[in-house]
Structure formats: structure tokens, C-alpha cells
**Q** 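Structure in C-alpha cells, see below.
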Amino acid sequence: MEIHPITPDDIVLTKSTATVVPVDQISTVFGSDSIDLVSKPLGSRILAFSDEWFAAAENLTTPTPPIRKPGVFTYAGAWYDGWETRRHNTAPFDWVVFRLGVASGRVKGVEIDTAFFNGNHAPEIAVQGCFASDDREEEIKSPEFADWETILDRQECGPSQRHAWLLPGETGKQYTHVRLQMFPDGGIARFRLFGTVVPVLPQAVGKVFDLAATVNGGVAVSCSDQHFGTKDNLLLPGRGVDMGDGWETKRTRGVHVDWVIVQLGIPGQVEKIVVDTAHFRGNFPQKVQVFAAQKTSDGKAPAHEDHDAWTQILAPTKTGPDAEHEYSRDVLEEVSGKTYAFVKLVIIPDGGVKRFRVFGRRG
């Protein structure tokens, strides 16, 4: 199905001046230059909530789409893959407080999915944020905490559907914690907070760190295919739990390559590359190849087909199953004294990669 770009006819202005993003445009609007700042695999934490009688608040940040189990009941009632509170809330709203999975971030947009909540969905939602040190978490958890400011004001929600709002331009505001409000009660399946990372980078210029990591501001901006697992998983912390939290492409036949382009959190000089195929045992790539590109005038990554912009820094190299493959300067090329802002991982011909690390120094 062809996806058309957003046009003025697609956009509905709300009273907050946030724009409603059509469902078929959510991945386009938020998928290339932002990440989910409250993603569970990224390390976000739920600090407190007002209630979770029917279904747990922790389900809100599950990275996979919601599922349904008709006819399955728990002690509290019907089983739901989301957050659901009691009826007849006497307070103005129910709420959940989150610590972002990164040091801090700027918010670009919000997604609320009420999948399978029909008749018990949240009628309205809002999102608040604050910037505060972690040693204030006891204060932040309290319903009386007064330092919240509005990120997205009250928006109407419908039953069993995805909703998304694009905020009116990044204001430069940084947040460390957010509070999701639900007026007055009900159920929400998933909560996504799209934005960009404001990392805490090493002070020492010569310090080697992962330039591509999401927590350091790295973003997977585009890829050839992500049929079984998304490109964003490549830059997450840790080695994951199974094949489901890596990047995996379709099977192909004949001559073929797949690729992913990563914008580094900060331009740097590459010292080492790690390609981790953890849990990919019969579907790992046969070979990997890595290219790099310098900072562009518009700040955007070169296209995959722009061969003149890309410099090979790792020639096609054999990989193996379920292992971390490290490539240091003894095998890397064109990295000495050069500063790069983008890298491109090519897998030959297809397959799955769990994590992609680009260790280096600031440029």
C-alpha cells in the first residue's frame, strides 16, 4: 500500500495547537528522527500510579502491539493488555508517573492506543512533564507534586484505536519525568512518547563511548526492511532477551543486501564496531559491511544510493550465530583522523542483528 505524505487536509488542529496525526502516518512522522522516550527496553521506569485495579500500568510501555485474550478472566475481571483503573473515580483523573529511559529528552509527539478497550476506554488524556534530578523521585511520585507543566493538554480518545498528536515544534524544553493523565478513568493499551534524546556525554574529549547508542542520542533513521524486528532495537542497551528485540529482515533469494542508516548522537572518530547476533542462530547475516559519512550541510543522512557520500570502513566480513563480533582499528579502514556523523550497516544478504555499537571519541 502506498503511503501518502501528510497534507493540510490530513491534519486536524486541536485546541492545544497540537496536530492530529493520521494512523497511517504515525511511523512516517515519528519513525525517522525520534524514539520512544518511555520505551520499556530503553530502561524507562514507572514510579507511581493512582490505580491499576483491572490491568497493570507497566503494560503501557510494552514495545509490542497490544493483544486480546477473549474469555480470559483474572481475579479483578476480564484480562486486558494495557492499563485499566476502577470505575467511578472520585478524583478528576487517574495517572501514571514515568522516568524516561534516557537522561532527558525533548518531546515531539504522543501516541495513545486504546486497542480492545471498547466501552471501558479512556475518554480523554493529557501529558505533563518536569525536569528534575532522580533524588527528587519521592516528591515526584506524590499526587501533591506541583512542578508539572503541560506537554499535551486534554485530548479526546475513542474506543479501540490508535491516536497520535504532533506537538507544535520542539520548544527546547527538556524533561526527565512525565505524567500520563486519564480523565476520569478507564483503560489505555499503550503509551508512546516520541522525541529526541538529550544525553549526558563524557566530559573528557578522549573518552571512548558508544556514539550510536540511543541513550547517547543515536537514531536509526532509515532501513531497507524491518519485517520481523525494527531498526530502533539495534541501538538499545543490553543484549535483549530473544530474537524479537533485534532487527530482522525478510528472507530473500539471489543477490541481495539489506541496510540500516544510523545518525550518531555526536560526530566522532570511530575506534571499534560491534555487531551482535545474539539469539540469531539460523538466521544471522552471512556477512556484514559498514560505511560512514561525514556531517552534511542540512544535518540529514545521505541516502543509501548516494555512493559518493559513503566511505567503506569495514569490508564485507563473515559473521556467525549468537555472538558479539568486534572489529577494531586493525581491521577498520579510513577511520584514522576522520570524523563521521553517520554510519550504515549492510547485512549480506539478509537476516537478523541484535545490537550495533559504534565506539569512538568526540570528533
**Q** For Q289 and Q312, does a side-chain donor sit closer than 3.5 Å to a side-chain acceptor?
**A** yes
**Q** Give the intermediate values and the outcome of side chain to side chain contact (heavy atoms under 4.5 Å, CB included) for residues Q128 and Q181.
**A** CA-CA 8 Å; Q128 300 172 310; Q181 299 171 290; 3.4 Å; yes
**Q** Could you report the tightest heavy-atom contact between R86 and F54, atom names first, then the distance?
**A** CA-CE1, 3.9 Å
**Q** Flag yes if V178 and V215 sit in one hydrophobic cluster, no otherwise; membership is Ile, Leu, Val, Met, Phe, Trp, Tyr, and two members link when side-chain heavy atoms are under 4.5 Å apart.
**A** yes
**Q** Do R190 and D81 sit within salt-bridge range, that is, some charged N less than 4.0 Å from a carboxylate O?
**A** yes
**Q** Let me confirm one number: the OG1-NE2 distance from T317 to H325, rounded to the nearest 0.5 Å.
**A** 10.0 Å
**Q** Could you walk me through whether R355 and L234 pass the side chain to side chain contact (heavy atoms under 4.5 Å, CB included) check?
**A** CA-CA 4 Å; R355 300 289 185 261; L234 286 168; 5.8 Å; no
**Q** I want to check something: taking the side chain as every heavy atom from C-beta on, are L152 and L167 in contact at a cut-off of under 4.5 Å?
**A** yes
**Q** Taking the six-membered ring for Trp, are F117 and Y80 ring centroids under 6.0 Å apart?
**A** yes
**Q** Do S328 and D330 have side-chain atoms, one donor and one acceptor, less than 3.5 Å apart?
**A** no
**Q** How far apart are the closest heavy atoms of F359 and D210, and which atoms are they?
**A** CD2-N, 3.7 Å
**Q** Please lay out, stage by stage, how K354 and D245 fare under the test salt bridge (charged side-chain N to carboxylate O under 4.0 Å, His left out).
**A** CA-CA 7 Å; K354 177 53 68 70; D245 58 3; 3.0 Å; yes
**Q** Around atom CZ of R68, are there more than 12 heavy atoms of other residues, nucleotides or ligands at under 6.0 Å?
**A** no
**Q** For the CD1 atom of I188 and the SG atom of C157, what is their distance to the nearest 0.5 Å?
**A** 6.0 Å
**Q** Indicate yes or no: at least one non-hydrogen side-chain atom of L211 is less than 4.5 angstrom from one of R362.
**A** no
**Q** Tell me the closest heavy-atom pair linking C223 and K231, and the distance in Å.
**A** SG-CD, 3.8 Å
**Q** Is S44 reaching over with its side chain to a backbone N or O of R99, donor-acceptor style, under 3.5 angstrom?
**A** no
**Q** Looking at Q294, I'd like to know if its CD atom is crowded, meaning that more than 12 non-hydrogen atoms belonging to other residues, nucleotides or ligands lie closer than 6.0 Å.
**A** no
**Q** Under a plain distance cut-off of 3.5 Å, with no hydrogens placed, do D350 and T252 share a side-chain donor-acceptor pair?
**A** yes
**Q** For the CD1 atom of I125 and the CZ atom of R154, what is their distance to the nearest 0.5 Å?
**A** 10.5 Å
**Q** On a heavy-atom basis, which atom in Q269 and which in T339 lie closest, and how many Å separate them?
**A** CG-OG1, 3.8 Å
**Q** D258 and S224: side-chain donor and acceptor closer than 3.5 Å?
**A** yes
**Q** Please report the closest heavy-atom contact between V38 and T61, naming both atoms and the distance.
**A** O-CG2, 3.1 Å
**Q** Treating Ile, Leu, Val, Met, Phe, Trp and Tyr as nodes and any side-chain heavy-atom pair under 4.5 angstrom as an edge, say whether I273 and F284 lie in one connected cluster.
**A** no
**Q** Under a 4.5 Å side-chain heavy-atom rule over Ile, Leu, Val, Met, Phe, Trp and Tyr, are F116 and I112 clustered together?
**A** no
**Q** Report the C-alpha distance between F93 and F183 in whole Å, list the side-chain angles of each, state the deciding distance to 0.1 Å, and finish with yes or no for ring pair (Phe, Tyr, Trp, His ring centres under 6.0 Å).
**A** CA-CA 5 Å; F93 55 84; F183 299 86; 5.3 Å; yes
**Q** For D94 and T85, does a side-chain donor sit closer than 3.5 Å to a side-chain acceptor?
**A** yes
**Q** If hydrophobic clusters are built by linking Ile, Leu, Val, Met, Phe, Trp and Tyr wherever their side-chain heavy atoms come under 4.5 Å apart, do I35 and V358 end up in the same one?
**A** no
**Q** Would you say the side chains of T249 and D225 form a donor-acceptor pair under 3.5 Å?
**A** no
**Q** Going by the angle between their ring planes, with limits at 30° and 60°, are H163 and W165 parallel, tilted or perpendicular?
**A** parallel
**Q** For the residue pair H307 and H304, does the interplanar ring angle fall in the parallel (under 30°), tilted (30 to 60°) or perpendicular (over 60°) class?
**A** perpendicular
**Q** Is there a path of hydrophobic side-chain contacts, each under 4.5 Å between heavy atoms of I/L/V/M/F/W/Y residues, joining F342 to V221?
**A** yes
**Q** Rounded to the nearest 0.5 Å, how far apart are OG1 of T62 and NZ of K40?
**A** 3.5 Å
**Q** So with a 6.0 Å cut-off around CD of E333, is the heavy-atom count from everything else above 12?
**A** yes
**Q** Quick check: are there more than 12 heavy atoms from other residues, nucleotides or ligands sitting under 6.0 Å from CZ of R136?
**A** yes
**Q** Can you list the steps and then say if L345 with W247 is a side chain to side chain contact (heavy atoms under 4.5 Å, CB included)?
**A** CA-CA 11 Å; L345 171 65; W247 172 54; 4.3 Å; yes
**Q** With rounding to the nearest 0.5 angstrom, report the CZ to NE2 distance, F145 to H177.
**A** 8.0 Å
**Q** Quick one: sort the F98 and F191 rings into parallel, tilted or perpendicular, breaks at 30° and 60°.
**A** tilted
**Q** Salt bridge between E137 and K141, side-chain N to carboxylate O under 4.0 Å?
**A** no
**Q** Please examine the side chains of F209 and L201, heavy atoms only from C-beta on, and report whether any two atoms are closer than 4.5 Å.
**A** yes
**Q** What are the two closest non-hydrogen atoms of V219 and S34, and how far apart are they?
**A** CG1-N, 4.3 Å
**Q** Show your reasoning for whether side chain to side chain contact (heavy atoms under 4.5 Å, CB included) applies to H227 and R251.
**A** CA-CA 9 Å; H227 189 80; R251 287 188 187 228; over 6 Å; no
**Q** Measuring only between side-chain heavy atoms, which start at C-beta, is W95 closer than 4.5 Å to L180?
**A** no
**Q** Report, as yes or no, whether the 6.0 Å neighbourhood of atom CZ on R87 holds more than 12 heavy atoms from other residues, nucleotides or ligands.
**A** no
